Amino acid sequence: MFYAVVDCDNCFVSCERVYRPDLNGKPVVVLSNNDGCVVSRSNEAKKLGIKMGTPYFQMRERFSEDVVTAFSSNYELYSNLTAGVMDIIKDAAPEYFRYSIDEAFCILSGMDHFDLRKWGLDLRNKILKMTGLPVSIGIARTKTLAKMASHYAKKYKGYQHCCMIDCDEKCERALRLYPVEDVWGIGRRYFARLKNMGIKTAYDFASHTRSWVRTTFNVVAERTWMELHGIDCVPNEGMTSRHKTICCSRSFATMTDNKDTLRAYIANFASYCAKKLRGEGSVAATVEVFLYTNRFRTDLAQYYPCKEIKLLTPTNLTIPIVRASGECLDMIYREHYLFKKAGVILGNITSNTGIQTNFLDDDINKQIRMKRLDDVVDRINQKIGRDLVTLSAQQYETHDEKVWTSGIADIANHRLKSKINKTNTLISNT
DNA sequence: TCTGGGGTCCTAGGACCC
DNA sequence: TCTGGGGTCCTAGGACCC
């Protein structure tokens, strides 16, 4: 049985180019939230030496706007376009699961007698034709080897974006040429240790004994070792299951030690998480809040607190989740630290059917009223504009318009006022 | 001046129970 | 003059992924 991994080439850049074909063949990058750093690069940008994660300001010191075109990220666009890719994959493979926004694994069971490389080439061409997005496909006996094959599919033109590793000779050749740091499952930390041991290629790594890998590293590295030997052992389950956590976090344009400002940010993050939770029909049983000072400012005192609290009843209601996030903040906030980033994580997520309520919690009538409130607010926000109606905890005074360029909540007062009449009408109608 | 965001899994160690 | 042992659950931290 074989696996195929299908992933979009330079996904976000390719999505932008669908609407800007004039940028084909030119250096293009896409930036993270707040335009902080580079998260996607065209091949031309890679050739210029722009690395993943390069801070935008550093890149601009080296390349002007005429040389490298930069886009702010537009996740709605990427998720719409890649959904089209997934639809095509779904029709082409007996079984598949989405692994990330731009990547899917196909389980090619019962297809051993097929010409799988031709199958891959056809799929690649179909996706390009129907969505405008170029993908590369790697095919092999394990997911880790398929990932390696997809690297080769991208790297060497001769493969025409589809590379299959289907025998031991090909596998050995591929392993010998493959830098160990590019192996799926070998990250920066492990690479640093491997390098010290003189292990440079995937072949070097695979040449050690399984027990050596187990004792030197752990079971995860051992699985990687087995996969490189063609033993399929990274489970498919877990890659498809529901979310176990939902997180919303942002870096701030300017650092702050103001508790009220942090409280408003946290309330917004919590509210956003609650909305996501409702969107997928789930409830959460824990709420965690974390704060980060600026790790790049070594001249400043550092503090990375986090605190989780359990909810009496698992919920997806905005009010109890925002309330809990505020309690967490109260427990971890310390004066005199300048915070750069904060976030909220909802955990212990389950389906919202059959929730066990706790008699100490808000009474059922109050919960029903809160649910109705969320329903109405969700509908208004969907109809008129994101985050028009929020809890008062999410509002705050600021003179810095940049604070909310992060894309979650554009709650600048002028915008609020301009729409308030329309909203009042809608609320009375509702 | 400016340095992302959202996930998963594993492990060690402490608390607690019988 | 000595201080159980085994099991489970939870949490924090560290590693990885895209």
Side-chain angles (χ1 to χ4, degrees), chain A residues 5-12 29-41 50-61 70 72-73 75 78-79 82 97-105 143-144 147 150-151 181-194 214 217-224 227 234-255 269 272-273 276 285-286 288 290 292-298 304-310 332 338 340-349 400 402 405-408:
Chain A
V5 59
V6 183
D7 73 316
C8 300
D9 299 342
N10 315 328
C11 182
F12 299 167
V29 300
V30 173
L31 306 170
S32 61
N33 267 307
N34 286 345
D35 293 345
C37 60
V38 173
V39 295
S40 180
R41 305 157 295 154
I50 299 169
K51 300 260 181 291
M52 192 70 169
T54 304
Y56 180 52
F57 73 93
Q58 275 177 16
M59 191 199 79
R60 273 286 168 254
E61 284 166 7
S72 296
S73 43
Y75 287 93
Y78 311 149
S79 115
T82 53
F97 51 87
R98 192 173 188 158
Y99 178 63
S100 70
I101 187 162
D102 71 329
E103 209 170 319
F105 282 102
K143 290 187 274 294
T144 306
K147 292 279 284 181
S150 88
H151 276 255
E181 66 265 37
D182 291 344
V183 172
W184 192 46
I186 305 290
R188 265 210 313 265
R189 302 283 177 150
Y190 288 180
F191 173 56
R193 289 175 61 191
L194 290 165
R214 173 66 190 261
F217 295 90
N218 54 27
V219 291
V220 184
E222 184 188 14
R223 276 207 285 269
T224 300
E227 288 251 323
V234 171
N236 298 331
E237 306 76 50
M239 293 196 169
T240 51
S241 58
R242 297 168 94 86
H243 283 134
K244 291 177 176 159
T245 57
I246 283 179
C247 169
C248 176
S249 68
R250 289 291 180 279
S251 295
F252 312 138
T254 45
M255 293 183 284
F269 300 155
Y272 182 73
C273 287
K276 266 211 250 182
T286 60
E288 179 181 342
F290 64 85
Y292 288 168
T293 48
N294 188 340
R295 66 197 162 99
F296 296 101
R297 290 291 298 272
T298 47
Y304 307 111
C306 69
K307 178 68 192 174
E308 177 187 289
I309 60 178
K310 289 185 178 61
I332 56 177
L338 284 169
K340 175 67 181 166
K341 181 177 175 173
V344 171
I345 304 170
L346 304 184
N348 283 42
I349 292 174
D400 182 5
K402 276 178 77 181
T405 54
S406 58
I408 295 178

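Reminder, nothing fancy here: chain letters follow the sequence lines and each chain counts from 1. As the structure is a prediction and not an experimental result, all values here were calculated from the model.
Look at R250(A) and you'll find a side-chain N or O under 4.0 angstrom from OP1 or OP2 of dG6(B). Proximity of S73(A) to the phosphate of dG4(B): no side-chain N or O atom is located under 4.0 Å from OP1 or OP2. Within the structure, every side-chain polar atom (N or O) of K276(A) is placed at least 4.0 Å from both OP1 and OP2 of dG6(B). The phosphate of dT3(B) (OP1 or OP2) has a side-chain N or O of K340(A) nearer than 4.0 angstrom. Considering only side-chain N and O atoms, S32(A) lies nowhere under 4.0 angstrom from the phosphate OP1 or OP2 of dT3(B). For dG5(B), one of the phosphate oxygens OP1 or OP2 lies less than 4.0 angstrom from a side-chain nitrogen or oxygen of K341(A). OP1 or OP2 of dG5(B) has at least one side-chain nitrogen or oxygen of S251(A) nearer than 4.0 Å. Not one side-chain nitrogen or oxygen of R223(A) sits closer than 4.0 Å to the OP1 or OP2 atom of dT8(B).
Among the atoms of the strands shown, none is found under 4.0 Å from any heavy atom of I345(A). Counting any heavy atom pair closer than 4.0 Å across all strands shown, Y99(A) reaches sugar-phosphate atoms only and no base atom. Residue-level contact check: K310(A) touches the backbone only, with heavy atoms under 4.0 Å from sugar-phosphate atoms and none from bases. Residue contacts shown for R188(A) are limited to sugar-phosphate atoms, with no base heavy atom under 4.0 Å away. Using a 4.0 Å heavy-atom distance criterion, V234(A) is classed as making no nucleic acid contact. D35(A) comes within contact range of no nucleotide atom at all, as no heavy-atom separation falls under 4.0 Å. In this structure, I246(A) reaches the sugar-phosphate backbone alone: every heavy-atom distance under 4.0 Å involves primed, P, OP1 or OP2 atoms, never a base.
Distance from the side chain of R189(A) is smallest to dC16(C) among dG7(B), dC10(B), dC16(C). For E308(A), taking side-chain heavy atoms from C-beta onward, the closest of the listed nucleotides dT11(C), dG5(B), dC9(B) is dT11(C). Side chain of F57(A), nearest nucleotide from dC17(C), dG7(B), dT3(B): dT3(B). Side chain of Y190(A), nearest nucleotide from dC18(C), dG4(B), dA15(C): dA15(C).
For dC18(B), the paired base is dG5(C) (Watson-Crick or G-U wobble, both distances below 3.5 Å).
The backbone N or O of F252(A) sits nowhere less than 3.5 Å from a side-chain atom of K341(A) that would complete a donor-acceptor pair.
Note: CG (L194(A)) to C1' (dA15(C)) measures 13 Å, nearest angstrom. Distance OH (Y75(A)) to C1' (dG5(B)): 7 Å, rounded to an integer number of Å. Rounded to whole Å, the distance from CZ on F296(A) to C1' on dT1(B) is 15 Å. The separation between D102(A) atom CG and dG6(B) atom C1' is 14 Å, rounded to whole Å. With rounding to whole Å, Y78(A) atom OH is found 17 Å from dG4(B) atom P. The CG-P distance, from D182(A) to dC18(C), rounds to 10 Å in whole Å. Going from atom CG of D9(A) over to atom P of dC18(C) covers 14 Å, rounded to whole Å. The NZ atom of K147(A) sits 7 Å away from the C1' atom of dC18(C) (whole-angstrom rounding).
Between the side chains of T82(A) and D102(A), not a single donor N or O lies within less than 3.5 Å of an accepting N or O. Side-chain polar atoms of N348(A) and K310(A) form no donor-acceptor pair below 3.5 angstrom.
In this structure, the ring of Y75(A) has its center less than 6.0 angstrom from the ring center of Y78(A).
Between C247(A) and V219(A), the residue anchored closer to the 5' end of DNA chain B is C247(A), taking for each the nucleotide with the nearest heavy atom. Taking for each of R214(A) and P55(A) the nucleotide of DNA chain B with the nearest heavy atom, the 5'-most of the two is the partner of P55(A).
By the 30° and 60° cut-offs, the orientation of the rings of F97(A) relative to F105(A) is tilted.
Remark: the separation of the P atoms in dT3(B) and dC17(C) is 25 Å, to the nearest Å.
Here R189(A) contributes atom CZ and F217(A) contributes atom CZ; the two are 13.0 Å apart, rounded to the nearest 0.5 Å.
A 6.0 Å sphere centred on NZ of K276(A) holds more than 12 heavy atoms belonging to other residues, nucleotides or ligands.
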